[in-house]
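Since the model is a prediction, treat every value here as computed from it, not as a measurement. The figures here come from the full heavy-atom set of this structure, side chains too, leaving out hydrogens, waters and symmetry mates.
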Amino acid sequence: MLSGMYRLYSSFIGRDREYGMRGLANYNLSCCVNTLLQTLSATWEVSDLLEQWDTAGVRGDIHNVPLQLKRVLAAMRSDLPQHVPHRDFLHCLDRNRVRLSVQHDGDEVFLSILNFIQQQMDNKALALQIQGLYKVSVETHLQCLVCSSVQTQTSFLLNLPLHVKEDHDSLEGCISSFLEDQELRGRNSCFCPQCGSKTPSKRGVKLISLPHILCVHLKRFRNSNGYIRKLDCRVTFPETFDISQTVGDGFSADFAQNECNYTLYAVVVHSGGAAFGHYTAYVRHRVSQLWYYADDSHIEQVSWEQVQRAYGRSHGDTAYMLMYRRGSKEEGRQPDFSG
């Protein structure tokens with residue numbers, strides 16, 4: 001009887017005391033946002049920066065996404081038996097046109113949350129620090145194949161969008177393909193200022209700097225003649241890797257980082273097809289470094305071999321976003337983490 005009451009109480013407060021994590025109930029098709037909240041909770045650098053934000057003077061709090069994010073992440077990390085206000089966060093997103101009861105693309109919602117942080121935080125320095133956690137600086141070269149003139153442009157990305165092949169692929173292979181030169185001809189030709197017209201060209205990308213948090217977007221949804229389909233093909237990814245061994249000469253001459261080792265700490269998983277689906281997450285515990293599976297309110301411990309099931313298979317669970325942290329597993333250990 002007592003054990004049954006304890007399970008009921010644990011379910012009510014939304015926290016699994018054995019695993020030190022909080023599940024999030026599915027509310028009006030919220031699995032996408034629930035999953036992103038689990039990955040953001042595992043990204044303790046974001047929570048730490050939000051905790052430094054003095055929100056005393058913030059107005060219109062029900063419309064302020066970063067303020068509601070700060071509150072929900074603090075509740076998810078707390079040991080207290082308190083309500084996790086993720087419904088407040090969901091309604092806040094809804095007020096900002098990320099609608100409830102609508103199926104969303106996980107990568108698009110993630111980028112929207114990062115953009116809302118930039119737009120709605122009154123402490124712009126902290127907002128830029130949060131953006132800087134994910135910032136991939138790139139250098140794009142466009143060479144005219146007629147006159148050989150080169151145009152160079154620098155920009156930044158908040159994730160690494162990687163094209164997925166329709167057969168067996170790997171993260172390392174996807175990164176190599178991203179950095180390969182591409183010829184642009186026909187209707188894809190680009191304007192050359194020196195020639196004064198659109199000409200065939202060759203475009204290449206080089207990395208100027210890599211972020212502390214490397215967010216990888218595996219582009220599994222493809223538009224074929226107006227029809228969106230999902231690629232369930234197998235894409236392997238390592239638990240740890242040295243990106244410099246993959247990039248090769250894909251670094252810009254201005255690249256000056258010594259640390260290129262990354263450790264996986266979260267995987268956003270999509271199951272189902274393009275028309276409908278469900279999001280879940282694998283996250284690594286900050287202290288124990290053990291893997292856990294979060295499916296809305298359900299939390300369970302899993303092995304690395306179970307995480308590898310997200311490599312992909314027909315109509316199964318497929319990794320859609322990968323979160324890597326720069327540094328080794330040991331460097332990620334922090335004793336003050338509570339969930």
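Both Val46 and Phe156 belong to a single network of hydrophobic side chains, linked directly or stepwise wherever heavy atoms of I, L, V, M, F, W or Y lie under 4.5 Å apart. Both Leu100 and Phe89 belong to a common hydrophobic cluster when Ile, Leu, Val, Met, Phe, Trp and Tyr are linked at side-chain heavy-atom distances under 4.5 angstrom.
Of the possible polar contacts, none joining the Arg326 side chain to the Cys260 backbone as a donor-acceptor pair under 3.5 Å is found. The backbone N or O of Ile62 sits less than 3.5 Å from a side-chain atom of Arg95, completing a donor-acceptor pair. The backbone N or O of Val205 lies less than 3.5 Å from no partner atom in the side chain of Glu139, so there is not a single donor-acceptor pair. Using modelled atom types, no side-chain atom of Thr55 and backbone atom of Val58 make a donor-acceptor pair closer than 3.5 Å.
Counting heavy atoms from C-beta outward, Gln120 and Asn96 have side chains that approach closer than 4.5 Å. Side chains of Val72 and Asp88 form no contact here, defined as non-hydrogen atoms less than 4.5 Å apart. By the 4.5 Å heavy-atom criterion applied to side chains, Val307 and Glu239 are not counted as neighbours. Side chains of Arg284 and Met323 form no contact here, defined as non-hydrogen atoms less than 4.5 Å apart. Contact of the Phe251 side chain with the Asp249 side chain is not registered, since no non-hydrogen atoms from C-beta on lie closer than 4.5 Å. With a 4.5 Å cut-off on side-chain heavy atoms, Ser201 and Cys192 do not count as touching. Using a 4.5 Å heavy-atom cutoff, the side chains of Ile117 and Leu69 are in contact. For the pair Leu184 and Ser189, the minimum side-chain heavy-atom distance is 4.5 Å or more.
Taking the six-membered ring where the residue is Trp, Phe241 and Tyr262 present tilted rings, their angle falling between 30° and 60°.
Ring to ring, Tyr311 and Phe237 are close: their centroids are under 6.0 angstrom apart.
When all heavy atoms of Lys70 and Trp53 are compared, the closest pair comes out as NZ-O, 2.7 Å. Here the closest non-hydrogen pair linking Ser177 and Lys165 is OG-CE, 3.9 Å. Contact between Asn34 and Leu24 at its shortest, heavy atoms only, is ND2-O, 3.1 Å. In terms of heavy-atom proximity, Ala310 sits nearest to Val267 at CB-CG1, 4.5 Å. Heavy-atom minimum distance, Cys31 versus Asp296: CA-OD1, 3.5 Å. Of all non-hydrogen atoms in Gly23 and Gln38, the two that sit nearest each other are CA-NE2, 4.1 Å.
Here Thr280 pairs with Val269, His278, Tyr293, Asp295 under the side chain to side chain contact (heavy atoms under 4.5 Å, CB included) rule; sequence neighbours left out. A search for ring pair (Phe, Tyr, Trp, His ring centres under 6.0 Å) contacts involving Phe116 returns nothing, not counting sequence neighbours. Remark: Asp122 pairs with no residue by the salt bridge (charged side-chain N to carboxylate O under 4.0 Å, His left out) rule, at least two apart or across chains. For the salt bridge (charged side-chain N to carboxylate O under 4.0 Å, His left out) test, residues two or more places apart in sequence or in another chain that qualify with Lys230 are Asp232. When the salt bridge (charged side-chain N to carboxylate O under 4.0 Å, His left out) test is applied to Arg222, the partners found at least two apart in sequence or on another chain are Glu166. A search for side chain to side chain contact (heavy atoms under 4.5 Å, CB included) contacts involving Gln52 returns Leu49, Leu126, not counting sequence neighbours. Applying the side chain to side chain contact (heavy atoms under 4.5 Å, CB included) test to Val146 and every residue at least two apart in sequence or in another chain returns Cys144, Cys195, Thr199, Pro200. Shown here are the side chain to side chain contact (heavy atoms under 4.5 Å, CB included) partners of Cys233, two or more places apart in sequence or in another chain: Val164, Arg220, Leu231.
Within the structure, the salt bridge (Lys or Arg N to Asp or Glu O under 4.0 Å) test picks out the following pairs touching residues 175-204 (sequence neighbours left out): Glu183-Arg185. Judged as a salt bridge (Lys or Arg N to Asp or Glu O under 4.0 Å), the pairs with a partner in residues 36-60 (not counting sequence neighbours) are, in order, Glu45-Arg325, Asp48-Arg77.
Grouped with Phe191 in a hydrophobic cluster is no other residue, since no side-chain heavy-atom contact under 4.5 Å to another Ile, Leu, Val, Met, Phe, Trp or Tyr is found.
If you take CD on Gln306 and CG on Asp317, they are separated by 11.5 Å, rounding to the nearest 0.5 Å. Remark: Leu179 CG to Leu207 CG distance equals 5.0 Å, nearest 0.5 Å. Here the straight-line distance linking atom CG of Leu157 with atom SG of Cys215 works out to 10.5 Å at 0.5 Å rounding. The CG atom of Leu50 sits 5.5 Å away from the CE atom of Met121 when rounded to the nearest 0.5 Å. Rounding to the nearest 0.5 Å gives a distance of 7.5 Å between OG1 of Thr263 and CG of Asn261. Atom CG of Leu158 is separated from atom CD1 of Ile113 by 12.5 Å, given to the nearest 0.5 angstrom.
Between Thr43 and Tyr265, the side chains place a donor N or O and an acceptor N or O closer than 3.5 Å (distance only, hydrogens not considered). Remark: the Glu300 side chain and the Trp291 side chain contain no N/O donor-acceptor pair separated by less than 3.5 Å. Under the 3.5 Å distance criterion, with hydrogens and angles disregarded, a donor-acceptor pair is assigned to the side chains of Asp242 and Ser244.
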Test Leu36 against Tyr279 for side-chain contact (heavy atoms from CB on, under 4.5 Å), laying out the working first. CA-CA 9 Å; Leu36 293 175; Tyr279 283 99; over 6 Å; no
Test side-chain contact (heavy atoms from CB on, under 4.5 Å) on Leu142 and Thr140; report intermediate values, then the result. CA-CA 7 Å; Leu142 191 66; Thr140 304; 5.6 Å; no
Starting from the C-alpha separation in whole Å, work towards a yes-or-no answer on side-chain contact (heavy atoms from CB on, under 4.5 Å) for Leu264 and Thr240. CA-CA 6 Å; Leu264 184 70; Thr240 61; over 6 Å; no
Check the pair Arg229, Phe221 against side-chain contact (heavy atoms from CB on, under 4.5 Å), reporting the backbone distance first and the verdict last. CA-CA 6 Å; Arg229 60 192 180 93; Phe221 295 98; over 6 Å; no
Decide ring-ring contact (aromatic ring centres under 6.0 Å, His included) for Tyr27 and His91; before the verdict, give the C-alpha distance in whole Å, the side-chain angles of both, and the deciding distance to 0.1 Å. CA-CA 10 Å; Tyr27 176 67; His91 283 290; 5.5 Å; yes
Donor-acceptor contacts, no H, no angles, side chain residues 102-111, under 3.5 Å, sequence neighbours left out:
| from | atom 1 | to | atom 2 | distance (Å) |
| --- | --- | --- | --- | --- |
| Gln103 | OE1 | Gly277 | N | 3.1 |
| Gln103 | NE2 | Ala275 | O | 3.4 |
| His104 | NE2 | Arg99 | O | 2.6 |
| Asp105 | OD1 | Tyr320 | OH | 2.5 |
| Asp105 | OD2 | Asp107 | N | 3.1 |
| Asp105 | OD2 | Glu108 | N | 3.0 |
| Asp105 | OD2 | Tyr320 | OH | 3.3 |
| Asp107 | OD1 | Asn159 | ND2 | 2.6 |
| Asp107 | OD2 | His217 | ND1 | 3.4 |

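Ion pairing of Asp254 with Lys206 is absent here, as no side-chain N (NZ or NE/NH1/NH2) approaches a carboxylate O to less than 4.0 Å.
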